[in-house]
Amino acid sequence: MFTLPQKESKAPTTCPGPASTQDLDSNHGDGLERECSRKPDWKLPEFCGGGDPTATASSDSSHLSSRGSIIKWFWDSAEEGYRTYHMDEYDEDKNPSGIINMGTSENKLCFDLLSRRLSQSDMLWVEPSLLQYPDWRGHLFLREEVARFLSFYCKSPAPLKPENVVVLNGCASLFSALATVLCEVGEAFLIPAPYYGAITQHVYLYGGVRLVCVYLDSEVTGLDTRPFQLTVEKLEMALQRANFEGVKVKGLILINPQNPLGDIYSPGELRDYLEFAKRHKLHVMVDEVYMLSVFEKSAGYHSVLSLEGLPDPQRTHVMWATSKDFGMSGLRFGTLYTENRDVATAVASLCRYHGLSGLVQYQMAQLLRDRDWINQVYLPENHARLKAAHTYVAGELRALGIPFLSSGAGFFIWVDLRKYLPEATFKEEMLLWRRFLDNKVLLSCGKAFQCKEPGWFRLVFSDKAHRLCLGMQRVRQVLEGKSQVPDDPASCQSQESGNQRR
Amino acid sequence: MSHRLGMFRMPSAQMRGQGLRNQRIHTHLMEMMLHLKQTIEKNLMHLTTRHLQQDLVLEEQRHSQAASEQEALLGHLMYQLVNLLQSGAMGGLGLQPSCPSLDVRRDVRGGQWAQSSRQPDWPVHQLSDPEATFVSQHLSSRGIDISALYHSSFQDYKIYQRDKYHEDKNTMGFINLGLSENKLCLDLMTERLSQSDMNYIEDALLQYPDWRGQPFLREEVARFLTYYCKVPDQLDPENVVVLNGCSSVFSTLAMVLCDPGEAFLIPAPFYGGFAFSACLYSKVELILVHLDSEVTDANPHPFQLTVDKLEQALLEARLTGKKVRGLILINPQNPLGDVYSRDSLQEYLEFAKRYHLHVIIDEIYMLSVFDEFITFHSVLSMESLPDPNRTHVIWGTSKDFGISGFRFGVLYTHNREVASAVSSFGYLHGISGIAQHKLCRLLQDREWIDKVYLPTYRSRLQIAHGYMTKKLEALGIPFLNRGSGLYIWMNLKMYLDPCTFEEELLLHRRFLDNKLILSRGRTYMCKEPGWFRITFADKPLLLKQAMHRFYQVLSERKQDLIMKQLENAQRE
């Protein structure tokens, strides 16, 4: 369906989705895949070479290179959705009829705690070495702190080493750098879909690397025990198909806890995936950016770093950041942990382009060091608030009779709205998405995550109760075909107080 | 060894182009052999010291770590050597060896030379699949390349990091005057950044930002540049893109203005970070516009950039089928310190317009002009730009405010297409919201900047520069005195015999042996051997110590040269 930059047909915004670039980007990813329905294993080189995007884009501009035109197109399609939301952002007082954002995966529940902590006097430390050229891998004091932090929270059998840590300005940069140093242009990573779609852009912009989807089904078949289950069999098949098509696959990307599914891989599953990768000499990039956002204790999360004896430690690269777990997506702090010194060095040599301020590095070290605050204040409160918000939204969905997936991790619920599509097409999905937006609530549609079944949506619940309540009201209105009914803020106020206490 | 390497040289005038390339291979080999030697020596030393300190477990660990690092380095060097030799063999010596140069400074040189007949994308590995596995079975060939560049370029800097000079604690440590870092005002900056207005948190700073930079910061940048660049009209915040450093800005511009293999013109000598950025991510070629030190009718000032030279380089490049997309200018220039006059600027821009070239103009030293008789003219101050849609200005706080660790770079362009395309990279080059707030406060504080910071900064620059130039004059060393920047471009040709890049490297090594790091001309792609850049933006005490070491090396070197002359005379 998507949204190539075509001149004649003013392409629909697609699910420009989410207001925040984060999800917008997912759409872009989407945009690359023009004929996805016919050709699920879309190929970027095709798109770059013969496809219209290049042609159209480059003829549009006398100033940009042809790759520049493609790059710009990423931004433009982001802009489109961004504008819609930002021109009419919800504000309790100033714009109560503005758009509620349930599309961007951001944790807005703990700003009070965070800003209090970040305002404490220990954070305001300036010294000359922080202002000068750094060690591009990250200041040693921070890498040491990251190693200690991950050793503790990932429950690593042996202490992790600071030499294996590289610090950059966010996981996006990390995807970009890893793609560049592990793959040649045109090579690929496997990724189970649906997935956080912005990765498409991250690995493509500089790296020219593409993603090969391992499509997962909602239907539970064979030995599956749950919908969208990732199995080694599916991985094998996707890899074979890619090989058959002449696509060179260099690695596998795993997101754990998964985004958008919220799935948590068991140690057994993890090991299976890693063994699969080892068999085929694939690198595994495990994105554990939601690892501390598991709010359901019973879910039992296991970091890949907790495994005794990794199958292929030299090809296992772990990513973590504070964006999600500490609700600071604007802080731009991400970290790589890899035992492979070559990879660490290669990534570090790109860090000149992905560095973060020394002062922020200092603050991050202070934050990660403060185990008392994290364990006794932040994490319990964050988990309680996430759980309360989740309970509320899940309850609303149940009341509406809407099936959904959620395993007690992450900031979102993967919602099955297939029954609301008159036809099972992505066009209908987008129309529904647009109806939500018209009714002033922004969601992300499945297409943005490369989901192969139309009708799935990701709904972010990590927001303040009154906004959630209004958002859910608007969702309900659309689904019940009563979009015109005005909101009832009063009911939300009362809900809120009840909700706050869980 | 030097005899054998000497065989490569071809003095014939017609073969000059060829000779230059050979010389490069020659120099590269030389660099690597020296590096290898050093690494092996260190390894041996490590083995012996380890023997002595076996009881210390910690020491042991550190040693084995150092050993593995050295092993890795050895691997990389061997690999590069093999590669070089191979490329030499296959290309009949005419092939460009685009191995990274061994640079002391962090601004690494990519070593892409435009004269080459071939310009492979990732040149080092082009010919050498078998070698790829030699270094790492895990990285892509471009990954290996990136890694090798890092190893060769950062090794000396790593040594410096481990053994830094300190006036009390480590008086025998390395003094680094090879890096262009402004250390004159760290006291002022530390104090300003510690004030309470800097520590401010709000929701928006912790959330996903506008990837072009937070609006409040872009507005402040527009106001700041309007004022300090003396812009006739108010600059538009919509034309501002903020990224984490000027290298990032350049890297993204190279991506969106050029396709792989296309080229930018750049006057040489130039700041080598451009070569690094051009080859690392964007695979863009740099066509050098070589400038001469010798003053002639056509060259009224040393290293003067003229439109003729630009035109000639452009036409030559076009003859070889190169697609040149733009021109890179650095103003004030690094390493020359030149400040372009308004007329020169206008001419360069007109030239670019004639040939539809983009102009990327890096004004990162714009507030570091300390000679009151010299006026800096920002390209933004021009009444009407010849080709505004192809003129892109870069600025950052690293040099002018001495906060290179802050990671902040700005693009100003009238071209919305370019701004949008660059913004796509915001994700990969974003700055923390907290840092954006601090930068905004800093740029906003005009009173402090104008009354406290700039006057102090400039007078300290003047004093340090005065001290350094007096020392150089006393030694009879020619240098350029341009009144801007943090460094001096000086000519040590008289200490080279013969005047070659190998000798330049040897002299550089002598400085290193005496714990002094300078940067040598070749890393700026200077075509004449013997030029060095020395940074003076440091504390007086440190400069004094550095100049002492500098003097020691040169006087020893002088002795050697005299001895050599005597020997030669005797032989005759």
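Any value given below was found using the heavy atoms of this structure, including those in side chains, with hydrogens, waters and symmetry copies removed. In the text below, chain A, chain B and the rest are named by the order of the sequence lines, each starting its count at 1.
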Counting C-beta onward and ignoring hydrogens, is there a side-chain heavy-atom pair between [X] and [Y] closer than 4.5 Å?
{"X": "A:Leu356", "Y": "B:Arg407", "value": "no"}
{"X": "A:Val181", "Y": "B:Arg142", "value": "no"}
{"X": "B:Leu280", "Y": "A:Tyr353", "value": "yes"}

(request) Please name the pair of heavy atoms, one in A:Glu106 and one in B:Leu206, separated by the smallest distance, quoted to 0.1 Å. (result) OE2-O, 4.5 Å
Check whether [X] gets within reach of chain B through its side chain, its backbone, both or neither, counting any heavy atom under 4.5 Å.
{"X": "A:Val360", "answer": "side chain"}
{"X": "A:Glu187", "answer": "neither"}
{"X": "A:Lys281", "answer": "neither"}
{"X": "A:Ala344", "answer": "neither"}
{"X": "A:Leu174", "answer": "neither"}
{"X": "A:Leu331", "answer": "both"}

(request) Could you tell me whether B:Phe425 and A:His354 have their ring centroids closer than 6.0 angstrom? (result) no
(request) Could you check whether the rings of B:Tyr281 and A:Tyr206 sit parallel, tilted or perpendicular, using 30° and 60° as the cut-offs? (result) parallel
(request) Establish, from distance only, whether the side-chain atoms of B:Ser141 and A:Glu184 form a donor-acceptor pair under 3.5 Å. (result) yes
Mind checking the [atom1]-[atom2] spacing from [X] to [Y]? Nearest 0.5 Å is all I need.
{"X": "A:Arg315", "Y": "B:Gln137", "atom1": "CZ", "atom2": "CD", "answer": "5.5 Å"}
{"X": "B:Glu202", "Y": "A:Ser115", "atom1": "CD", "atom2": "OG", "answer": "10.0 Å"}
{"X": "B:Ile403", "Y": "A:Leu131", "atom1": "CD1", "atom2": "CG", "answer": "6.5 Å"}

(message) Using the side-chain hydrogen bond (donor to acceptor under 3.5 Å, both in side chains) criterion, which residues pair with B:Asp197? Sequence neighbours excluded.
(response) B:Arg192, B:Arg441
(message) Is B:Asn415 in contact with chain A via its backbone, its side chain, both, or neither, using a 4.5 Å heavy-atom distance?
(response) side chain
(message) Given heavy-atom pairs under 4.5 angstrom as the criterion, report whether the side chain, backbone, both or neither of B:His138 touches chain A.
(response) both
(request) Just jot down the ring-ring contact (aromatic ring centres under 6.0 Å, His included) partners of A:Phe411, sequence neighbours excluded, or say none. (result) A:Tyr290
(request) Under 4.5 Å, counting heavy-atom pairs only, tell me which of A:Gly327, A:Cys183, A:Gly68, A:Pro128 racks up the most with chain B. (result) A:Cys183
